[in-house]
There are 2 protein chains.
Amino acid sequence: MSDPAIPSPAAESSSSDTATRILDAAEALFVEHGFAATSVRAIAARAEVNLGATHYHFGSKEGLLGAVIHRRVAPINVARLELLAGLEATEPAPGARAVLGAFFAPLRGSGTPAVVPRLMGRLFGEPERISRPLIERQFGETFERFTAALARAMPGVGSQEIRWRFHFAIGAMIHQLRTGAPPATPSDPDAIGQLIEFAVAGIERDPRAPQQEPTP
Amino acid sequence: MSDPAIPSPAAESSSSDTATRILDAAEALFVEHGFAATSVRAIAARAEVNLGATHYHFGSKEGLLGAVIHRRVAPINVARLELLAGLEATEPAPGARAVLGAFFAPLRGSGTPAVVPRLMGRLFGEPERISRPLIERQFGETFERFTAALARAMPGVGSQEIRWRFHFAIGAMIHQLRTGAPPATPSDPDAIGQLIEFAVAGIERDPRAPQQEPTP
DNA sequence: ACCTCATTCAAACGTTCGTTTGAATCCTAT
DNA sequence: ATAGGATTCAAACGAACGTTTGAATGAGGT
């Protein structure tokens, strides 16, 4: 009666083809329809595995979601933190552009085109009961590390203000990841590059917030 | 056998208390859990109405979602277009800040605190089959009008570039609407004001995109 | 050869889903 | 007062849901 939902540690990455096929199918369907609107049966059918296999390997539907997210997001956050560490090893206080570059760049060529981004976009749209623990576990450390780096890059801006600006930049990222190019735009030249430029401008702006002219 | 899903036109706004209570309950639950994860039964229970009433008044669960969205979003887009029209009547080519102010300002005091924003945030997270038609119907005209106004405000920037930047600004808005303040920030001073500043900086930035320094 | 144990499989579990039905009830205009 | 349409109600429909079960199957070690 060993718990197959938490298989032997070695089996995590060298698991049989079945678990991988389930992950692939679940990922595709979660991206397309979201978590609640995707049934375990549809996942099993797409993966061409038995219905029970999903619960055997991942314990529950939520466990499956966690595994899907973790498989894609963990490497990206590792790359982010490595880039940031390398940056800070080179120069004592890297600029905001370099820090944001380290944050956004790992989103580029991340395997299958656009599946990682759209998966993360979906995650942020799920009910908080489901998404919050996953987001916290996957992004908490990364968020804090980059917030601190941004604060060091811009000593004149308060810590709360830094959080707000980074918050908006992440929002632009999520939206880009979820919806792709804006409507009625033909090609997709370099969305991440565009995103970086937008985020740098929004974050590096003058620390004093100018009075907004009231709209009549 | 008249179709109660499309009641007599006059009844749309002067409908009985039941329909309004259903809208209120559905709105709260859609905001909290999303569309797919909310059951019609839970809506009826929260509204304290009979289960059948929802289908009697709105035809189907999707019809109910459409009504929930329309009730909140339509007035905001009307206000946006009115503000923009007033702006353009005063001066021939209003600046980007003024245009964005007209776009974001109606999000402020929109009735119940934060329900409109979070509802819109949810809408953008639903499966495309559900969200796309609603978004197109509710936001299509507004998006085009403001894109055109931004293009007029910044003659030096190409039309595609304008769309990209507006796209990111909307992303920052959606994220702010869905998640509220960034984590570990105590109070909520003026999120919309913060958002406007961020969007203005990202959109009004120098039209030439500077080379990004490669992250080592 | 046999035992072991991880994995797969078909079938069914009980629950909940969106929707439908038809009678009961309320409101309004005559 | 009363007829008639609009609305509410309790009950049920079939389908789909996540999960569980227990036997069948397979490969590996002794």
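Numbers restart at 1 for each chain; the letters A, B, ... are given by sequence-line order, proteins then strands.
Whole-Å rounding puts the B:Phe35 CZ to C:dC17 C1' distance at 12 Å. Rounded to whole Å, atom P of C:dA24 lies 18 Å from atom OH of B:Tyr56. In this structure, CZ of B:Phe58 is placed 14 Å from P of C:dT19, rounded to the nearest angstrom. Taking atom CD of A:Glu48 as the reference point, atom P of C:dA10 lies 13 Å away to the nearest angstrom. One can place CZ of B:Arg21 at 13 Å from C1' of D:dT7, the figure rounded to the nearest angstrom. Across the protein-nucleic acid pair, A:Leu51 atom CG and C:dA12 atom C1' stand 11 Å apart, rounded to whole Å. In this structure, CG of B:Leu65 is placed 12 Å from P of C:dT19, rounded to the nearest angstrom. Following rounding to the nearest Å, B:Lys61 (NZ) and C:dC17 (P) show an atom-to-atom distance of 9 Å.
Close placement of the A:Phe198 and B:Phe198 rings is indicated, their centers lying within 6.0 Å of each other.
Residue A:Asn50 has a polar side-chain atom (N or O) positioned under 4.0 Å from OP1 or OP2 of C:dA10. Contact annotation: A:His55 side-chain N/O to D:dT21 OP1/OP2 distance is not under 4.0 Å. The shortest distance between the side-chain N/O atoms of A:Thr18 and the OP1/OP2 oxygens of C:dT8 is below 4.0 Å. In this structure, B:Ser39 reaches the C:dC17 phosphate: one of its side-chain N or O atoms is under 4.0 Å from OP1 or OP2.
Considering CZ of B:Phe168 and CE of A:Met173, their distance stands at 11.5 Å, rounded to 0.5 Å. The CZ atom of A:Phe139 lies 7.5 Å from the CD1 atom of A:Ile69; values are rounded to the nearest 0.5 Å.
Among A:Arg122, A:Arg72, A:Arg46, the one residue that satisfies the salt bridge (charged side-chain N to carboxylate O under 4.0 Å, His left out) test with A:Glu27 is A:Arg72.
Annotation: of the two residues near DNA chain C, A:Arg41 and A:Val49, the 5′-most nearest-nucleotide partner is A:Val49.
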